[in-house]
Amino acid sequence: MKLKKKIISCAALLAVAASCMTSAFTGFTTSAVTDVDDCNDDWLHAVGSRLYDKDGNEVWLTGANWFGLNCIEYSPHYLYAGDIDDMLSEVADRGINVIRFPISTELILSWMNGTPYQISAGGMQACYNPPVDTDDGNGNIVKAGTYGHINKDFVEADGKTLITSDRGFDIILDKCKKYGIKAFIDIHSPHADNSGHNYNLWYGKETTTGGTMVTTDIWIETLTWLAEKYNNNDTLIGYDLKNEPHGKGQEGDKAAKWDGSTDENNWAYAATKCAESILEVNPNALIFIEGVEQSLSGAMPGDYWGMADRRDNSPYIGAWWGGNFRGAREYPIVPKQGTSQIVYSPHDYGPSVYNQTWFDKDFTTQTLLDDYWYDTWAYLNKEEIAPLLIGEWGGHMDGAENQKWMELLRDYMIDNHINHTFWCLNTNSGDTGGLWAGFSYSIDTGTTITWEEEKYALFEKALWQTSETGKYIGLDHQIPLGLNNTGMTVTEYYSNYAETEGSNLDAGAKTDPKPPVTTPTEEPTEQPTDIVTTAATTVSDAPETTTSTTVTTVNATDVTTDTPPTSSGTPSMYGDVNTDGDISVSDVVKLNLYLLNPVENPLNNQQLANADCVKDNVIDTSDSSLIMNYVAMMIDISELGAE
């Protein structure tokens with residue numbers, strides 16, 4: 001009974017590796033994605049410090065921020081100066097494969113409560129005039145949209161009344177999908193406020209309308225509601241739980257901290273609870289976890305959070321807001337579903353935002369690592385703990401120190417497969433500027449965007465692209481990135497480019513693509529036991545070398561009967577199904593593919609012996625579940641093959 005409980009508790013994480021089986025077996029609980037979205041196959045998952053698609057191919061999120069939904073206009077800024085189709089089309093053609101959209105808990109709460117805020121007329125220019133074909137009174141027809149045609153999807157049937165913000169968000173996601181762009185949101189502040197990012201915490205602030213106090217429970221409930229609403233929409237790939245939790249240690253419970261307590265201001269505890277709630281309704285979503293501002297330094301015995309600072313030997317170690325992950329070494333974010341969807345997301349800036357102490361020298365990549373980056377966040381990537389996405393980086397092009405810093409961070413992210421979203425597209429970010437410089441619009445030519453070309457050129461080198469032809473690589477398997485043949489789908493990249501020219505990911509290393517997982521047309525007659533899944537992503541396994549040439553052949557029908565395949569031989573390492581000397585998600589995938597179709601995916605005697613982790617001489621899903629429990633660090637290795 002103890003074993004069975006552990007297997008079921010790991011079911012959501014097992015979905016990452018086991019979903020290659022779900023459509024073949026009957027009786028599974030699955031998300032009804034095909035009725036809603038026939039392209040719902042772009043969800044991502046983490047293994048070590050990297051992100052992978054459904055086929056087990058590595059992907060790279062390289063994008064930008066577009067703020068405004070967090071503000072009192074309730075829409076991305078600059079839709080008052082341009083048409084969203086023109087803007088997103090050009091963003092995609094420029095190679096940006098993901099957009100981070102800041103938003104407020106307050107706005108989502110209005111959606112959840114059925115009282116959605118209307119998009120502000122100051123935030124969007126939208127019209128369709130006339131709204132329908134009209135007789136001009138002289139026997140001629142004036143075609144709809146002749147006199148006004150901008151952001152027409154955001155107005156009601158009258159062609160001028162702006163729709164509500166929830167419907168607007170749906171349209172934004174639809175437009176992103178149209179151009180092959182993925183999206184995720186970040187909770188920029190509890191309340192709708194153009195300066196709400198200055199507030200320390202994810203709770204404790206009243207909404208600007210109605211005076212509702214945003215609590216931790218409301219923050220979790222609104223994000224969970226949103227994740228469930230969009231759990232069949234793989235355009236919205238994840239949730240950044242809170243922008244820049246911060247505050248200085250001496251502020252005590254008014255500041256975000258990272259420790260092992262259950263205090264409300266403990267960001268690690270709150271983020272874990274929120275992640276678990278989201279993954280309950282969408283086990284496929286990526287969960288982006290930012291850092292805090294300060295951590296305890298351990299400078300003197302007895303130092304505690306909330307004590308006054310000292311001039312010398314400070315009890316606190318500082319960082320950028322949202323940038324400090326020192327606490328994650330001892331207190332990592334480990335939801336009950338496992339860590340396959342967790343991405344840590346520091347923010348990092350240069351001296352034009354604030355002249356931090358690590359800039360007080362002729363800094364280099366190595367000095368930045370020694371003085372700040374490594375112990376603050378880079379160790380998470382280097383030590384294969386989790387993937388990183390630098391959620392905000394950027395700044396002014398000063399031809400000096402700030403530009404030097406941007407280039408160093410950019411190159412470090414390229415060389416170390418670190419995902420990122422640049423701050424920002426908008427021109428109206430006071431301390432950084434944006435990638436856009438200005439706009440003009442006419443009904444005849446549409447939107448003309450003027451880009452900060454020098455800044456874009458610096459940023460563009462860190463966009464995922466092929467090494468020789470320079471074509472941008474999207475994250476969608478069916479819709480290419482952009483319309484003007486500048487980009488491609490991830491499928492096209494791994495089919496036609498990965499082996500020949502590679503990409504700028506991992507310093508230009510060429511990649512052998514993993515074959516897509518295919519599902520047999522004939523379904524087995526009986527469902528396997530001891531597995532519950534709301535599966536989504538599928539992992540494929542690369543070809544592997546085995547230690548024995550003797551293969552045990554099992555008829556495909558055997559796995560559907562009451563006598564599952566049996567093991568033979570002496571195990572060399574329980575759980576090491578691919579016999580590579582290690583136990584990882586690859587072993588789970590290999591075993592599940594065998595259970596799905598043992599004729600096409602055979603295991604030899606040694607591999608079968610290693611797979612029998614329940615030690616009952618029967619190879620079934622309870623064995624793969626147990627291995628996944630170990631990979632998720634939910635059990636000790638001694639429990640593999642235990643009596």
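Values in this document were obtained by computation on a predicted structure and should not be read as measured data.
If you check the side chains of Trp393 and His420, you find a donor sitting under 3.5 Å from an acceptor. Using modelled atom types, one finds no donor on one side chain facing an acceptor on the other under 3.5 Å when comparing His417 with Glu58. In this model, a donor atom of one side chain and an acceptor atom of the other lie less than 3.5 Å apart for Asp158 and Thr161. Side-chain contact of Thr164 with Asp166: a donor-acceptor pair under 3.5 Å is present, judged by distance alone. Judged purely by distance below 3.5 Å, without hydrogens or angles, the side chains of Arg50 and Asn419 never pair a donor atom with an acceptor atom. For the residue pair Trp377 / Asp348, a side-chain donor-acceptor distance below 3.5 Å is found, with atom types taken as modelled. Thr224 and Ser277 share a side-chain donor-acceptor pair at under 3.5 Å.
Between Met112 and Glu221 there is a side-chain heavy-atom pair separated by less than 4.5 Å. For the pair Thr216/Trp219, a side-chain contact is recorded, criterion being any heavy-atom separation below 4.5 Å from C-beta on. Contact of the Glu244 side chain with the Glu392 side chain is registered, since non-hydrogen atoms from C-beta on lie closer than 4.5 Å. Contact check for Phe154 versus Ile172: side-chain heavy atoms found under the 4.5 Å cut-off. Glu290 has its side chain within reach of His347: a pair of non-hydrogen atoms, C-beta onward, lies under 4.5 Å apart.
Thr447 places no side-chain N or O within 3.5 Å of a backbone atom of Tyr441 that could act as its donor or acceptor partner. Formation of a donor-acceptor pair under 3.5 Å by the Asp53 side chain with backbone atoms of Gly56 is found in this model. No donor-acceptor pair under 3.5 Å is formed between the side chain of Asp193 and the backbone N or O of Ile72. A donor-acceptor contact shorter than 3.5 Å is absent between the side chain of Thr339 and the backbone of Ile342. Listed for the Thr134 side chain is no donor-acceptor partner under 3.5 Å among the backbone atoms of Val142. A distance-only check finds no donor-acceptor pair linking the side chain of His191 to the backbone of Thr209 [under 3.5 Å].
Aromatic pair Phe67/His77: centroids less than 6.0 angstrom apart. Checked against the 6.0 Å centroid criterion, the rings of Trp202 and His197 do not qualify as a close aromatic pair. Aromatic ring centres of Phe184 and Phe288: separated by under 6.0 Å.
Salt-bridge formation is not detected for the pair Lys152/Asp83: no Lys NZ or Arg NE/NH1/NH2 atom is positioned less than 4.0 Å from an Asp or Glu carboxylate oxygen. Classification of Arg410 and Glu460 as a salt-bridged pair fails, no side-chain N sitting under 4.0 Å from a carboxylate O. A salt bridge links Asp153 with Lys175: the distance from a Lys NZ or Arg NE/NH1/NH2 to an Asp or Glu carboxylate oxygen falls below 4.0 Å. For the pair Lys178 and Asp85, the salt-bridge criterion is met [side-chain N within less than 4.0 Å of a carboxylate O]. Salt-bridge annotation for Glu280 and Lys273: absent, with no side-chain N of the basic residue lying under 4.0 Å from a carboxylate O of the acidic one.
The shortest heavy-atom contact between Asn194 and Glu73 is ND2-OE1, 3.5 Å. Annotation for His396 and Gly433: closest pair CE1-N, 3.4 Å, computed over non-hydrogen atoms. Taking both residues in full, the closest heavy atoms of Ile390 and Ser345 are given as C-OG, 4.5 Å, listed atom of the first, atom of the second, then distance. Shortest non-hydrogen contact noted between Ile185 and Ile108 is CD1-CD1, 4.5 Å. Summarising the geometry of Leu481 relative to Thr486, their closest heavy-atom pair is O-OG1, 4.3 Å, with the distance given to 0.1 Å. Closest heavy-atom contact between Glu276 and Val334: OE2-O, 4.4 Å.
Summarising the geometry, atom OG1 belonging to Thr489 is positioned 12.0 Å from atom OH belonging to Tyr494; distances are rounded to the nearest 0.5 Å. Here Ile187 contributes atom CD1 and Thr222 contributes atom OG1; the two are 6.0 Å apart, rounded to the nearest 0.5 Å. Residue Asn282 holds its CG atom at 8.0 Å from CG of Asn232, rounded to the nearest 0.5 Å. The line from OH of Tyr74 to CD1 of Ile103 is 11.5 Å long, rounded to the nearest 0.5 Å. The CG atom of Leu44 sits 11.0 Å away from the OG atom of Ser340 when rounded to the nearest 0.5 Å. Distance check: Thr466 OG1 to Glu492 CD gives 9.5 Å after rounding to the nearest 0.5 Å.
Under the side-chain hydrogen bond (donor to acceptor under 3.5 Å, both in side chains) criterion, the residue pairs touching residues 113-127 are Glu106-Tyr117, with sequence neighbours excluded.
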Q: Could you go through the side chain to side chain contact (heavy atoms under 4.5 Å, CB included) check for Tyr128 and Thr146 one step at a time?
A: CA-CA 8 Å; Tyr128 196 55; Thr146 298; over 6 Å; no
Q: Tell me, with the steps shown, if Val91 and Trp436 meet side chain to side chain contact (heavy atoms under 4.5 Å, CB included).
A: CA-CA 10 Å; Val91 164; Trp436 292 330; 3.8 Å; yes
Q. Gln341 and His45: side-chain hydrogen bond (donor to acceptor under 3.5 Å, both in side chains), yes or no, with the steps?
A. CA-CA 5 Å; Gln341 304 307 115; His45 65 275; 5.6 Å; no
**Q.** Derivation of the side chain to side chain contact (heavy atoms under 4.5 Å, CB included) call for His477 and Val490
**A.** CA-CA 5 Å; His477 288 86; Val490 67; 3.5 Å; yes
Q: Starting from the C-alpha separation in whole Å, work towards a yes-or-no answer on side chain to side chain contact (heavy atoms under 4.5 Å, CB included) for Asp41 and Gln478.
A: CA-CA 9 Å; Asp41 60 353; Gln478 300 184 31; 3.9 Å; yes
Q: Starting from the C-alpha separation in whole Å, work towards a yes-or-no answer on salt bridge (Lys or Arg N to Asp or Glu O under 4.0 Å) for Lys182 and Asp234.
A: CA-CA 8 Å; Lys182 297 302 179 185; Asp234 62 357; 3.8 Å; yes
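A cation-pi geometry, defined here as NZ or CZ lying under 6.0 Å from the six-membered ring centre and within 45° of its normal, holds between Arg94 and Trp451.
Residues satisfying the ring pair (Phe, Tyr, Trp, His ring centres under 6.0 Å) test with Tyr78, not counting sequence neighbours, are Tyr80, Phe439.
Using cut-offs of 30° and 60° on the angle between ring planes, the pair Phe422 and Phe459 is tilted. Using cut-offs of 30° and 60° on the angle between ring planes, the pair Tyr230 and Phe169 is perpendicular. Using bins of under 30°, 30° to 60° and over 60° for the plane-to-plane angle, the ring pair Trp320/Tyr349 lands in the perpendicular bin.
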